[in-house]
Amino acid sequence: MSAAPGYNFAYLDENTKRMIRRALLKAVAIPGHQVPFGSREMPLPYGWGTGGIQVTASVIGPDDTLKVIDQGADDTTNAVSIRRFFARVAGVATTERTAEATIIQTRHRIPETPLREGQILVYQVPMPEPLFRLEPRVAETRRMHALADYGLMQVKLYEDIARHGHIAISYNYPVMVNGRYLMAPSPIPAFDNPKMHRMPALQLFGAGREKRLYAVPPYTEVRSLDFEDHPFRPPRAEAACALCGSRESYLDEVVTDDRGGRMFLCSDTDWCRQRREAAG
Amino acid sequence: MSAAPLLEAEGLSLRFGAIPALDRVSLAVWPGEVVAIVGESGSGKTTLLRVLSGLARPQAGRVLYRDPAGEAREVHGMGEAALRRLHRSDWGFVHQNPRDGLRMGVSAGGNVGERLMAAGARHYGAIRAQAAAWLRRVEIDPARMDDPPAKFSGGMQQRLQIARTLVTHPRLVFMDEPTGGLDVSVQARLLDLIRALVADLGLAVLLVTHDIAAARLLAHRLLVMRHGRVVEEGLTDRVLDDPQHPYTQLLVSSVLAA
Ligand SMILES: Nc1ncnc2c1ncn2[C@@H]1O[C@H](COP(=O)(O)OP(=O)(O)OP(=O)(O)O)[C@@H](O)[C@H]1O
Ligand SMILES: [Mg+2]
């Protein structure tokens, strides 16, 4: 396959890609630290993953194989249009199989198939600042990061336990990266947080509207905040996938009729299919 | 009291335009000592607390703080990170308006626990137990620890602010008119509480107040300020019973007349 004429390879011009790659290098050098970058207009509205797309465009090469998922699925509108976009402007191969991909762009999930060295996971991030609900002043959040002054985040967890008896954060559950920076893992389910810890693949995060990048290099410590007597326990529906029977994967609840009928399905469609294929 | 002062200021000056908010102020606070700063409105009391605690920078002079290891450190030269650390460990600041010192959106227990968590406490049950003990100590029913401070009276909010400040056992506490906005009867109760806590914990306190009676009750020593200058200082009883400076005489007599 070759790239469509009229575009630079992967849509962005070379200067922009270089600028983003420089920001990414800095982000990799300071795990979990948010690096500002000159976010460009993309042929997609914000909220459609423009930050992730710019990161992917800056790191992708002609030999890469790209997978794109939205909420774990390869076949949603958003995932399909981003995959087509790169097939057209970069002429790269695409896949739905996690193991075959060299770059995986994602919204809201980490694949169930463990990632390996050499792969890159690119997250689409709507809000990069983990403290933004607690401290509205941007200058103050920067100071808190600079001084690793994260008591306030712990107070929020304390308040959750006092009010609900447990930490009531099921998405975008805050993590400490490399023991230094507090980081928003983007709205992945807390269930996926443990996958970030010492992941062999490189994790890159792009927030287009907020113009921030950050990264977790391979094999970096990523700890979900908690208390000694209320340890982090990622929640999972007490059910098995109706298609493949998995009791380990993250499940979506699907309403099947208007009489309250419902079933649970793997959110990771590739993983679910592989299990069914393996079972014959 | 030990031989070396905890906090030592020399020649502090700070002007706002033509107004000398501080004019060559020097003072020292020893461990366990309560020093009151009195003076009329606009005399520079709040400015002095802000400069001493590193929240504002003087145009001249310097402030030294002796850390627990006995090392004298220049407050305005230690850098923001070190200063913040000091503010949430060795030091405390009690504001006149409890809203400035509390997180109004966080429960009473969370307010008291914040400094513990900032210092690294990660055991929920232990944090809660300490918060409850401190609420009891400032005469707030621990059954209310999950209520937000907005549901508390002004006096309770101020006691909560004190619990939140003292929970990490600071060595030095700055208090700016801690009884300022309160009813007289509430003020008296709060002053008694502060006096008991200060004695129990062996705190050093720099107390700014308009209230000569409060200074008499709490302070070992007294500084009288006017137009940014310390016009008189000495042991509290000596200054109040035998004032030397005409301004102090006026201040004391107006209180007696009131
Ligand atoms: N940020 C500022 N900008 C300009 N002038 C200021 C500033 N802060 C204080 N001042 C002035 O400096 C003088 C001392 O103010 P300060 O607040 O220290 O007085 P105070 O003794 O605490 O008064 P009060 O008893 O009313 O609280 C006043 O004349 C005040 O108007
Ligand atoms: Mg004042």
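In what follows, chains are A, B, ... by sequence order, proteins preceding strands, each numbered from 1.
- The aromatic rings of A/Tyr158 and B/Tyr124 are tilted relative to each other, their planes meeting at an angle between 30° and 60°.
- The residue among B/Arg128, B/His123, B/Met145 with the most heavy atom pairs within less than 4.5 Å of chain A is B/His123.
- With a threshold of 4.5 angstrom between heavy atoms, B/Arg115 does not approach chain A through any atom at all.
- Between atom CG of residue A/Asp226 and atom CZ of residue B/Arg122 there is a gap of 9.0 Å, rounded to the nearest 0.5 Å.
- Note that the NZ atom of A/Lys156 and the CD atom of B/Glu114 stand 14.5 Å from one another [nearest 0.5 Å].
- Dense packing is recorded around CZ of A/Arg198, with more than 12 heavy atoms of other residues, nucleotides or ligands lying under 6.0 Å away.
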Check the pair B/Met117 / A/Leu152 against side chain to side chain contact (heavy atoms under 4.5 Å, CB included), numbers first and verdict last.
-> CA-CA 8 Å; B/Met117 289 182 250; A/Leu152 189 55; over 6 Å; no
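- At a 4.5 Å heavy-atom cutoff, the contact between B/Ile127 and chain A is made by side-chain atoms alone.
- Contact detail for B/Ser107 and A/Glu159: the closest heavy-atom pair is OG-OE2, 2.5 Å.
- Salt bridge B/Glu80/A/Arg142: absent, no basic N to carboxylate O contact under 4.0 Å.
- Of the listed residues (B/Gly110, B/Ala121, B/Gly125), the one with the most heavy-atom contacts under 4.5 Å to chain A is B/Gly110.
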Evaluate the criterion salt bridge (Lys or Arg N to Asp or Glu O under 4.0 Å) for residue pair A/Glu135 and B/Arg103; output intermediate values, then yes/no.
-> CA-CA 11 Å; A/Glu135 176 51 71; B/Arg103 289 194 189 279; 5.1 Å; no
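- Other residues, nucleotides and ligands place more than 12 heavy atoms under 6.0 Å from the CZ atom of A/Arg21.
- For CZ of A/Arg233, the number of neighbouring non-hydrogen atoms (other residues, nucleotides, ligands) closer than 6.0 Å is 12 at most.
- Taking a cutoff of 4.0 Å between a charged side-chain nitrogen and a carboxylate oxygen, B/Arg88 and A/Asp149 qualify as a salt bridge.
- Of all the heavy atoms in A/Leu147 and B/Ala81, the pair that sits closest is CD2-CB, 3.1 Å.
- Surrounding NZ of A/Lys26 are at most 12 heavy atoms belonging to other residues, nucleotides or ligands under 6.0 Å away.
- Using a 4.5 Å cut-off between heavy atoms, A/Gln154 touches chain B through backbone and side chain atoms alike.
- Within a 6.0 Å sphere centred on CZ of B/Arg99, other residues, nucleotides and ligands contribute 12 heavy atoms or fewer.
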